[in-house]
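Scroll down for the structure; my scribbles are underneath it.
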Amino acid sequence: MSGLPSRWEGVAHRVPDSLADLRGPATGVVSLPVHLAWSGLTEFDLGNRLLRMSLYRTIITGGGREDAETYLNAGILLADWPLLRRGLGPSYRKAWEGKISALG
């Protein structure tokens, strides 16, 4: 009997190579596709810190590298990381901080 793969398997491979790869918007409302927002909120106002944190947490924990590059903004990620990292599991923190030194 085979079990499901761990949701933390391959986390490091989902992290972009650098902050320069993050080309997401810095303002406005972001609408996520169903593969990322299959339940609950699908639109996130970047001007609202709680919604922005929820969006970033959704992308980091549930998205792939392409999703991170499309929806995350380097400047916002850097500014919000000290608080955002607290809401992530240790494997996500280690993967992101290990690959993008500016976050560590």
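Note that these values count all heavy atoms, side chains included, but never hydrogens, waters or copies made by symmetry.
In terms of heavy atoms, Arg65 sits closest to Lys99 at NH2-NZ, 3.1 Å. Considering every non-hydrogen atom in both Ser91 and Val11, the closest pair reads O-CG1, 3.9 Å. Looking at every heavy atom in both residues, Trp96 comes nearest to Trp81 through CB-CH2, 3.7 Å.
Scanning for side-chain hydrogen bond (donor to acceptor under 3.5 Å, both in side chains) contacts around Asn73 gives an empty result, with sequence neighbours left out. The side-chain contact (heavy atoms from CB on, under 4.5 Å) search around Leu83 returns Arg49, Met53, Arg86, not counting sequence neighbours. Every residue two or more places apart in sequence or in another chain that forms a salt bridge (Lys or Arg N to Asp or Glu O under 4.0 Å) with Arg52 is listed here: Asp80.
Side-chain contact between Tyr71 and Thr58 is absent, with no heavy atoms from C-beta onward closer than 4.5 Å. Annotation: side chain of Ile60 is in contact with side chain of Leu84 (closest heavy-atom distance under 4.5 Å).
Within a 6.0 Å radius of NE2 in His13, other residues, nucleotides and ligands contribute 12 heavy atoms or fewer.
Each of Arg14, Arg57, Glu97 was scored for a side-chain contact (heavy atoms from CB on, under 4.5 Å) with Tyr92, with one residue passing: Arg14.
Rounding to the nearest 0.5 Å places CG of Leu55 at 9.0 Å from CG of Leu51.
Contacts classified as salt bridge (charged side-chain N to carboxylate O under 4.0 Å, His left out) and involving residues 24-42 (residues at least two apart or in different chains) are not found.
The hydrophobic cluster containing Val34 also includes Trp38, under a criterion of side-chain heavy atoms closer than 4.5 Å among ILVMFWY residues, counted directly or through chains of members.
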Side-chain donor/acceptor pairs under 3.5 Å, residues 19-33, sequence neighbours excluded:
from	atom 1	to	atom 2	distance (Å)
Asp21	OD2	Asp17	N	3.4
Asp21	OD2	Ser18	N	3.3
Arg23	NH1	Asp21	O	3.1
Ser31	OG	Glu43	OE2	3.1

